[in-house]
> 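Structure below; questions to follow.
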Protein chains: 2
Amino acid sequence: MNIGEAAGASGVSAKMIRHYEAIGLLTAARSANGYRVYNDREVAVLRFIRHARDLGFPLEDVRRLLALWQDRGRASAEVKRLALAHVEALETKAESLRTMAASLRHLAAHCHGDARPDCPILDDLARKE
Amino acid sequence: MNIGEAAGASGVSAKMIRHYEAIGLLTAARSANGYRVYNDREVAVLRFIRHARDLGFPLEDVRRLLALWQDRGRASAEVKRLALAHVEALETKAESLRTMAASLRHLAAHCHGDARPDCPILDDLARKE
DNA sequence: CTTGACCTTCCCATGATGGGAATCCCCACA
DNA sequence: TGTGGGGATTCCCATCATGGGAAGGTCAAG
């Protein structure tokens with residue numbers, strides 16, 4: 001299986017497959033012509049990476065998760081710890097964005113939004129603090 | 001006022017002040033020795049930028065907001081439109097993160113988190129899809 | 001006159017992803 | 001057998017906002 005087919009089978013772009021290999025998440029055999037060669041084993045790894053990325057794990061976390069996945073003697077406690085730490089990070093970020101949105105929505109609610117120049121949004125941005 | 005003092009007064013790092021100047025958000029006079037010179041006018045601009053950034057506006061939005069702020073004939077409708085579009089983006093992103101967090105929290109809830117290797121989190125990441 | 005704090009520009013790094021160029025390889029078809 | 005097209009390779013660059021750090025110039029106080 002060449003990289004294009006592996007990309008199709010895993011849902012990871014060929015570009016990213018090469019990148020993941022460059023940062024050591026993956027290894028790929030090479031055929032005589034220098035093309036990367038993949039089998040179901042590597043495609044499974046690529047899918048694993050994609051799913052972890054879909055859950056927002058940064059690649060360094062993905063690296064650890066992959067190591068745990070491939071370690072039969074792993075303790076699930078370690079995986080759970082990683083996951084919950086990431087959940088914390090996600091929730092913190094989401095809350096931060098939600099707070100920004102609420103502040104701005106509040107400001108916008110008091111803005112006429114017509115042809116007049118008066119605008120509490122700009123007033124707030126220009127405040128002296 | 002040199003850049004260090006302007007940084008202190010505005011809450012924007014000297015590094016970022018130079019960057020904002022490089023991308024044209026700001027202009028700065030130079031004294032004979034080549035140092036950037038600021039007055040209250042520019043410090044107000046820097047504060048404006050910082051506040052907009054604190055609300056998560058990308059710099060291109062900040063550029064437009066600055067232009068509107070400095071345009072006395074502006075229509076507040078334009079500001080409001082920009083703000084609400086950004087609120088949308090923030091809420092979408094927040095919702096996306098919240099969804100990731102909920103999924104992962106759900107998976108983690110079913111993980112023993114002990115010395116055993118069985119782990120629904122890894123099982124999910126390794127699923128064939 | 002030295003020292004230290006401040007300023008300058010320039011390059012590099014982050015994190016994940018993509019675009020695109022130049023070059024090479026392979027297969028199918030006329 | 002020649003050619004065309006699709007796919008592969010590597011390498012460089014861009015994004016977005018921010019910071020680190022080097023090498024060197026400037027200024028004020030001791």
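Predicted model only: the values in this text are computed from it and were never measured. Proteins come first, then strands; the chains are lettered A, B, ... in the order of their sequence lines, and each starts at number 1.
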> Separation of B/Leu25 atom CG from D/dC16 atom P, in whole Å?
13 Å

> With the side chain counted from C-beta on, respond yes when A/Arg105 and B/Glu91 share a heavy-atom pair under 4.5 Å apart, and no when they do not.
yes

> Where each residue is assigned the nucleotide of DNA chain C containing its nearest heavy atom, which of B/Ile3 and B/Lys15 is assigned the position nearer the 5′ end?
B/Ile3

> Report the residue from A/Leu26, A/Leu59, A/Ile49 that forms a side-chain contact (heavy atoms from CB on, under 4.5 Å) with A/Leu66.
A/Ile49

> Write down the atom of A/Gly113, the atom of B/Ser76, and the distance for their closest heavy-atom approach.
N-OG, 3.2 Å

> Between B/Ser13 and D/dT18, is there a side-chain N or O to OP1/OP2 distance below 4.0 Å?
no

> Using whole Å, what does the distance between atom C1' of nucleotide C/dG15 and atom NE2 of A/His86 come to?
14 Å

> Do any side-chain nitrogens or oxygens of B/Tyr35 fall under 4.0 Å of OP1 or OP2 in D/dC27?
no

> I want to check one thing: is the phosphate of D/dT10, taken as OP1 and OP2, less than 4.0 Å away from some side-chain N or O of A/Arg36?
yes

> If I take atom NE2 in residue B/His19 and atom P in nucleotide D/dG20, what distance separates them, rounded to the nearest angstrom?
15 Å

> Taking only the side-chain nitrogens and oxygens of B/Asn33, find out if one of them lies under 4.0 Å from OP1 or OP2 of D/dG25.
no

> Determine: side-chain N/O of B/Arg63 to OP1/OP2 of D/dC16, distance under 4.0 Å, yes or no.
no

> For A/Glu5 and C/dC27, give me the distance from atom CD to atom P, rounded to whole Å.
14 Å

> Tell me the interatomic distance from A/Ile23, atom CD1, to C/dT14, atom C1', rounded to whole angstroms.
13 Å

> Is any NZ, NE, NH1 or NH2 atom of the basic residue among B/Asp54 and B/Arg50 found under 4.0 Å from an Asp or Glu carboxylate oxygen of the other?
yes

> What's the closest nucleotide to the side chain of B/Arg30 if the choices are C/dA16, D/dT9, C/dT8?
C/dT8

> Round to the nearest Å and state the distance from B/Glu60 atom CD to D/dT15 atom P.
10 Å

> Is the shortest distance from a Lys or Arg side-chain nitrogen in B/Arg64 or B/Glu78 to a carboxylate oxygen in the other one below 4.0 Å?
no

> Whole angstrom is fine here: how far is it from CD1 in B/Ile17 over to P in D/dT18?
12 Å

> May I ask you to say what A/Tyr20 touches in the nucleic acid, namely base, sugar-phosphate or nothing, with a heavy-atom cut-off under 4.0 Å?
sugar-phosphate

> Give the rounded distance in Å between these two atoms: CG of A/Leu59 and C1' of C/dT17.
10 Å

> Give B/Arg18 one of three labels, base, sugar-phosphate or nothing, depending on what nucleic acid heavy atoms sit under 4.0 Å from its own.
base

